Structure formats: structure tokens, C-alpha cells
Amino acid sequence: MKIGITCYPVYGGSGVVATELGKALAKRDHEIHFVSSSLPFRLAHMASNVFFHEVNVQSYPLFEYPPYTLTLTSKMVDISKHAGLDVLHMHYAIPHATSAVLARQILASEGISVPVITTLHGTDITLIGQDPSFAPVVKYSINESDGVTAVSSYLRQETYDHFDITRDIEVIPNFIDTERFHRFDKQHFKQALCPNGEKVIVHVSNFRPVKNATQVVEVFHRLRADDLPVKLLLVGDGPDRVPAEHKARELGVYDDVRFLGKQDPVEEILSIADVFLMPSGSETFGLAALEAMACNVPVVASDIGGLPELVRDGKDGFLCPLGDLDAFTARTRQLLTDEDLHAEMAETVRKRAVETFDVDHIVPQYEAYYERIREQRMAEV
Ligand code: GMT
């Protein structure tokens, strides 16, 4: 199949999933056309059946806000025609699904039929999508897509609860390449960072307020106050990085915290981790937690959103009430001090990543879905 994939290219879960999906589909001999405002950050290596089309927005004195959505639409029309795309797969409803629905209409007026599939990821539904300035467009774009998927049952239900949806929504969970994400022997790195055998807590996010990165620092401070020998690694960057740095200084733990910024080989950092902390206020799936699990790292996360579908409380780590820092601290301490429990969970999380969320289990679900939606669309036109 020839598949057009549009996503946000920046550091964020939906872009990662879209890019990894495209790469996995290319390995399975599909032709993939990424259409995005810049090269998706995980698309470093090209293959002969992978293409990247950059959307360049024209500036014009009249435009206070250059119309990205329309330029994206024109690009989709152009690529659909010239590459002969079979499917347009949009990741994140705003504005990608809207552009694709319009592109499909333009193509139909020229006698070309291309189905649109939209994958909902999170804040396009749970946060920004519900804002009155977007809600009618989000609802329309979902209902007008030929197929709609959500990354968890929780997100599917949220979509039905908050929008008047007439489409079936298929749940296809996120996935992980467990051959890339596994525990590497990084003893030299661990030794350099933890010369006295300290344990390591890791948090990876885009440091948006919803990730509660400052709470990670607070939990770490409580553990250090108990004299637990532990270090904290913070990976990623975003609006809450500076507040997290301030918090670490204010609490006097800055010297034991490393802010590593945006990192691509995150699996190498996870390879020295003992616990992954995710105190998010909202999370439809929690891809970063799955990456940790694939690297044998148990997770302590908020008991919200789609996280219980990924992290089974007491098996893959622990789920704590949102914002309950006492609970987060106690559970993290338990994992760092009970070696048998830690060893058991470290094995369980890897097994879960491999058996339930491996790329080879999930990508065929997308392929089957593409086929089904294509047949449905052909029967309709
Ligand atoms: O987490 C973010 O802020 C990024 C966001 C996105 O759409 O780029 O992530 C969402 O999609 C990811 C991939 O499906 C999920 O793993 C994240 O849980 C979800 N984030 C939220 O719901 C906050």
C-alpha cells in the first residue's frame, strides 16, 4: 500500500508513534510518504520506500497568520495524485484530520478516491480539542474521517463523552520496538553517574504542565530527605524545565539531579534506571512509560486516563492517586528498597512490553484496519 502519514514532527508522543508506525510499515514493504512541517525527529534514516514532503507555508503581507492548514491540504492533494496514495493517515485531529478531509473532497472532485484515517492521541480530545474555538471542527473532522482510531479505551470513551460522534472508533494501542528498546549494559555510564552505587530514578517527558515534572523533583527530595542513596535523571525539555530546575535548587537537591534535555537514545538512559516516574495529570496512553517497561524499568504513575491499561498496579509498578506525593514517595521507596519485588517487576514489565505491545503485534492491526476502511470506502463511492 502507499500510505501518507501526517504528524507533528516535534518531541511528543503522537509524532513518535506516527514516525515509528511509518518506519515499521516501510519494513513491511509499504511505501510511506511523511507529510509534515519539518522532518519528524525520529526519522533520521531514510529508506528507498520512505519519502518526506515538507509543508512550506507561504508568507504574504496580508496574512497575519499564514494558513498552514490549507498549505498542508494542498500538499496532501498533490502527493495523493502524484504518488497514487491508497490511504491518508492523520495523527492528531487538529488540524491534520481537517486538512485531510478537505483534501479528500478536492480529490473526489477530480475523480480520485482516498480514504482518511484519523488517529486520536490525547490532548486533541482531552484538552485543546474541547476548547470552543476548536470543538466543532474536531467533531466534524472525526465524523467525516473514513476511519478513526484511539490509542486507548479511555481515549475512545472520552471522545464519545465529549463530542457528538457518529463514527465507530477502533482502539489500537501504542507499541514499542522491543528489539531497539531493551536493557543495554551501561555499567560505565552508571558508574560515572552513581559512583557510590546510588539507585536511579528517571522521568522522560516534554515538560508540559500536564506532566507535573516539578512533582518528580518533590518526590525525589522526599526520598533524599530519608537519606536514600538515589539520583534523578530528567530527560526532555519544555515549559516546565526551568520551574523544575528552580524546584531542585529551592529544595537543595540540584546536585543529585541531572537535566539531560532532549535525547534520542533514550533506551540507553533507561538502561541504568531503577524506577520510572510519571505523575502526569492526564495521559491517554503513556508511551514514555512503555519505553521504560521495555527496558526492564518498573513504573510509578498516576492512576488516571489510559495509564491503568498499560501499567497494572502491583504488577508493572504502582499507580498512585493524582497529586498524592506521599503515595508516590512511598511506592518509589518500596521499589528502590525491596530488591526481590524490584527484580520481579523488572522482569514482568519487559514481558508485558514484548507480549502485548511489541510493534509486530500492533502494526498488523493498522494494516488490517487500512484494508477494511479502503474496502468500505470503495463500496461507498
Ligand atoms: O504527551 C504529550 O503531551 C504529547 C502527546 C501528543 O499527542 O503528542 O501525547 C499523547 O499521545 C501519546 C501517543 O499516543 C500518548 O502516549 C500520551 O499519553 C498522550 N499525552 C497525553 O494524553 C497528555
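Whatever order the structure lists ligands and atoms in, that order sets their numbers, starting from 1. Quick caveat: nothing in here was measured; it's all calculated off a predicted structure. FYI, the numbering just counts along the sequence from 1.
Checked against a 3.5 angstrom limit, the closest N/O atoms of Thr284 and ligand 1 fall inside it. Among the atoms of Val17, none of the N or O lies under 3.5 angstrom from an N or O of ligand 1. In terms of N/O distances under 3.5 Å, ligand 1 is not approached by Thr123. For ligand 1, one of its N or O atoms has an N or O atom of Gly13 under 3.5 Å away.
Here the CD-OG distance, from Glu283 to Ser152, works out to 10.0 Å after rounding to the nearest 0.5 Å.
By the criterion of a heavy-atom distance under 4.0 Å, the side chain of Asn206, and not its backbone, is placed next to ligand 1. Contact annotation for Tyr92 and ligand 1: only side-chain heavy atoms (C-beta onward) come within less than 4.0 Å of the ligand. At a heavy-atom cutoff of 4.0 Å, ligand 1 is contacted by the side chain of Val151 but not by its backbone.
Between the side chain of Asp226 and the backbone N or O of Leu228 there is no donor-acceptor pair closer than 3.5 Å. Checking side-chain atoms of Asn143 against main-chain N and O of Ile165 turns up no donor-acceptor pair under 3.5 Å. A donor-acceptor pair under 3.5 Å links the side-chain atoms of Asn49 to the main chain of His30, judged by distance alone.
If you number the atoms of ligand 1 from 1 as listed, the ones under 4.0 Å from a heavy atom of Asn174 come out as 13 (C), 14 (O), 16 (O). Close contacts of ligand 1 with Leu287, meaning ligand atoms under 4.0 Å from a residue heavy atom, involve 16 (O).
Taking each of Gly15, Cys7, Ala93, Ser14 in turn, the one with a heavy atom nearest to atom 8 (O) of ligand 1 proves to be Ser14.
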Could you pull out every donor-acceptor pair under 3.5 Å between side chains of residues 251-259 and any protein atom, sequence neighbours left out?
unit_1	atom_1	unit_2	atom_2	d
Asp256	OD1	Lys231	NZ	3.0
Asp256	OD2	Arg224	NE	3.1
Asp256	OD2	Arg224	NH2	3.2

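Exactly one residue among Lys27, Arg28, Arg372 makes a salt bridge (charged side-chain N to carboxylate O under 4.0 Å, His left out) with Glu367. That residue is Arg28.
Using modelled atom types and a 3.5 Å distance limit, the side chains of Thr98 and His96 yield no donor-acceptor pair.
The shortest separation from a heavy atom of His91 to ligand 1 is not under 4.0 Å, leaving the residue out of contact.
The stretch residues 52-63 participates, sequence neighbours left out, in these side-chain hydrogen bond (donor to acceptor under 3.5 Å, both in side chains) pairs: His33-His53.
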